[in-house]
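This report concerns only the one structure given below.
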Amino acid sequence: MPKTAATPVSAADPSRWKALVFIALAQLMVVLDATIVNIALPSAQTDLGISDGNRQWVITAYALAFGGLLLFGGRIADKWGRKNAFVVGLVGFALASALGGAANGEAMMLGARALQGAFGALLAPAALSLLAVMFTDAKERAKAFGIYGAIAGGGGAVGLILGGFLTEYLDWRWTFFVNIPFAVVAAVGAWMVIREPAGSRNRAPLDIPGVVLSTAGLVALVYGFTRAESAGWSDAVTVAMFIASAALLAAFVLVESKVKSPLLPLRVLLERNRGGVYLSLGLAVIAMFGLFLFLTYYLQVVKGFSPVKTGFAFLPMIAGMILGSTQIGARLMTRVAPRLLMGPGFLVAAVGMLLLTQLEVGSSYPALILPAQLLLGLGMGTAFMPAMSLSTHGVNPADAGVASAMVNTSQQVGGAIGTALLNTIAASATTAYLTDHAAEAAAGGDAARLVQAQAMVEGYASAIWWAVGILAASAAIALTLINTGRPGAGDPVASGSGSAEDAEFKVPVIAH
């Protein structure tokens, strides 16, 4: 597509709302899978004879494939067609899920998880970029991204509920098999109703060096953080992974600035609004994923909740996210500038997180945890909605897939960092507390159990303080970097673009 020719605004697709149903269903399946397996992991480990040392690979294999291949998947969607990529991603994800559910050993399980991650990396950016090119009216776009944002934000917590139900009442294998009906319905529906706008593909040759460098760099980064959680930050392999990742990603940026048809055009990153979204959302997800981990352990280990009861305990957060995304974010998106939703949204979430720093062994769920979750959900839902919409802000339709992949990459890397960083902080604080109360811990009996529980809660509270600061930083970045106005009110973005070249890529079909 020539840089000098703007793509005309196309007529609204009459099937766009039907398409949204199947896109949302596919997104729910991908987000569910990020957490649903966590609750099933202890049962699967026992059945398949997976060692304690290797059990983390059930999670890590998915994270590495998904995070490492997202940019590649986004560019394939741009080149091959988003509908084609979407349907192939769904079919592949369903087959990989069937393989995981039927696993008879460790190798088969890990292979299935890696395949799920690879097809998810094709599916996720295709889904988001389809929304970007199908919904062109500002008000309709706000509603569509409100629904998508609620699913992206709350799906992980839904996964905890569903995972608890399936594991407790059926079998851990159903946490894999449950994906198959989701995928089949979404694939058939998408094939029948999705119509991609003409002329929105990127038919440039594939940037093979960029694919290799970005995949290797992201895999090294995600693995570095994952390994840090279990082996420590000073571990030789952990340090080597971070050094390798920095070198590979630096080489990737250099290559992208030189090649004629880059995998990730730097204009996608350098435009300040998109850059602000990727950075602020990545940081917010660090806080969010850490919280899922700590609350799950607090409710099950300290409070003695069952897996199903733990899942239901997350319902207020899901309700808050849906309310924030569809009733606050979507309704205000066409009336106020996005930064005035994202910044305050992250701050409201930070207030909810601040309440959780007061956790104690005997804390009341209704008095403390419930209101904190509601505030977290409201804040994150309000912020997620404009963030998802802005992730493809002003981008050439031919780059919509890779721009969508970047927001998924920021979330995936943020999740890996959040789990490793906050878990390490919590573990250090727990150890320090036990050291200070060694005499009581050595006494045995109820006193020792109480000290152990208190040590865990001290660790969680220390890590949650860091999460509060991270959410405050997300709010500051959103308020500072994101300067686009509300849709239809004039867009100051050209003055804040990475380059004049980037301004040429602002086309009415998906601009705000």
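If you're wondering where the values come from, they're calculated on a predicted model, not measured in any experiment.
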* F346: ring pair (Phe, Tyr, Trp, His ring centres under 6.0 Å) partners, not counting sequence neighbours -> none
* If you round to the nearest 0.5 Å, how far is CZ of R339 from OG1 of T480? -> 10.0 Å
* **From I318 atom CD1 to F314 atom CZ, the distance as rounded to the nearest 0.5 Å** => 9.0 Å
* Structure fact -> Hits for side chain to side chain contact (heavy atoms under 4.5 Å, CB included) against S261, two or more places apart or cross-chain, chain-then-number order -> A204, P205
* With sequence neighbours left out, write down each residue that passes ring pair (Phe, Tyr, Trp, His ring centres under 6.0 Å) with Y223, or none if nothing qualifies. => W57
* Just by modelled atom types, is the G276 backbone N or O under 3.5 Å from a matching donor or acceptor in the S280 side chain? -> yes
* Between atom CZ of F93 and atom CE of M29, what is the distance when rounded to the nearest 0.5 Å? -> 4.5 Å
* Asked: Is there a side-chain contact between K258 and L254, using heavy atoms and a 4.5 Å cut-off?
  -> yes
* Asked: Quick one: does V348's side chain get under 4.5 Å of T382's, heavy atoms only?
  -> no
* To do: List the atom of T484, the atom of P338, and the distance in Å for their closest heavy-atom pair.
  => O-CD, 3.4 Å
* Taking atom NZ of K83 as the centre, report whether more than 12 heavy atoms of other residues, nucleotides or ligands fall under 6.0 Å from it. => yes
* Asked: Is the shortest heavy-atom distance from the side chain of M317 to the side chain of M288 under 4.5 Å?
  -> yes
* Is the backbone N or O of M406 less than 3.5 Å from a side-chain atom of R274, with the two atoms forming a donor-acceptor pair by type? -> no
* What are the two closest heavy atoms between F294 and A426, and how far apart are they? -> CE2-CB, 3.7 Å
* Asked: Any sub-3.5 Å donor-acceptor pair from R113's side-chain atoms to A61's backbone N or O?
  -> no
* Would you say M192 has more than 12 foreign heavy atoms packed within less than 6.0 Å of its CE? -> no
* Looking at R75 and P262, what are the two nearest heavy atoms and their distance? -> NH2-O, 3.4 Å
* Can you name the closest pair of heavy atoms from K18 and V193 and give their distance? -> C-CG2, 4.1 Å
* Do F22 and L130 touch side chain to side chain, with heavy atoms closer than 4.5 Å? -> no
* Ignoring hydrogens and angles, tell me if any N or O in the side chain of R272 forms a donor-acceptor pair with the backbone of L481 under 3.5 Å. => yes
* List the atom of A26, the atom of L90, and the distance in Å for their closest heavy-atom pair. => CB-CD2, 3.7 Å
* Asked: Going through the checks in order, is the side chain to side chain contact (heavy atoms under 4.5 Å, CB included) test met by V336 and L341?
  -> CA-CA 8 Å; V336 301; L341 290 174; 3.8 Å; yes
* Determine whether the aromatic ring centres of F225 and W233 lie less than 6.0 Å apart. => yes
* Asked: Could you give the distance from OG (S410) to CG (L283), rounded to the nearest 0.5 Å?
  -> 9.5 Å
Sequence neighbours excluded and cut-off under 3.5 Å, please list the side-chain donor-acceptor pairs for residues 234-252, or say none.
{"from": "D235", "atom 1": "OD2", "to": "R227", "atom 2": "NE", "distance (Å)": "2.6"}
{"from": "D235", "atom 1": "OD2", "to": "R227", "atom 2": "NH2", "distance (Å)": "3.3"}
{"from": "D235", "atom 1": "OD2", "to": "V237", "atom 2": "N", "distance (Å)": "3.1"}
{"from": "D235", "atom 1": "OD2", "to": "T238", "atom 2": "N", "distance (Å)": "3.1"}
{"from": "D235", "atom 1": "OD2", "to": "T238", "atom 2": "OG1", "distance (Å)": "3.3"}
{"from": "T238", "atom 1": "OG1", "to": "G232", "atom 2": "O", "distance (Å)": "3.2"}
{"from": "S245", "atom 1": "OG", "to": "G217", "atom 2": "O", "distance (Å)": "3.0"}

* Indicate yes or no: at least one non-hydrogen side-chain atom of W80 is less than 4.5 angstrom from one of V88. => yes
* **Exercise: identify the closest heavy-atom pair between I180 and A98** => CD1-CB, 3.8 Å
* Stepwise, does the side chain to side chain contact (heavy atoms under 4.5 Å, CB included) test hold for L213 with V255? -> CA-CA 9 Å; L213 288 169; V255 166; 3.7 Å; yes
* Residue pairs, two or more places apart or on separate chains, that pass side chain to side chain donor-acceptor pair (under 3.5 Å) and touch residues 91-100 -> S97-Q116, S97-N179
* Less than 4.5 Å apart, any side-chain heavy atom of W17 and any of V21? -> no
* **Stepwise side chain to side chain contact (heavy atoms under 4.5 Å, CB included) check, M342 with L390** => CA-CA 11 Å; M342 289 181 65; L390 277 175; 4.3 Å; yes
* **M380 side chain reached by L471 side chain, heavy atoms, under 4.5 Å** => yes
* side chain to side chain contact (heavy atoms under 4.5 Å, CB included) assessment of L218 paired with L70 -> CA-CA 9 Å; L218 288 170; L70 269 167; 5.7 Å; no
* To do: Only pairs at least two apart or in different chains count here, so list each salt bridge (charged side-chain N to carboxylate O under 4.0 Å, His left out) that has a residue in residues 204-226.
  => none
* Any donor-acceptor N/O pair, E256 side chain to L266 backbone, under 3.5 Å -> no
* **Side-chain (S214) to main-chain (V211) donor-acceptor, under 3.5 angstrom** => yes
* **Spatial distance of atom CG (L99) from atom CG (L95) [nearest 0.5 Å]** => 9.0 Å
* Atom CG of L269 and atom CZ of R267: how far apart are they, to the nearest 0.5 Å? -> 11.0 Å
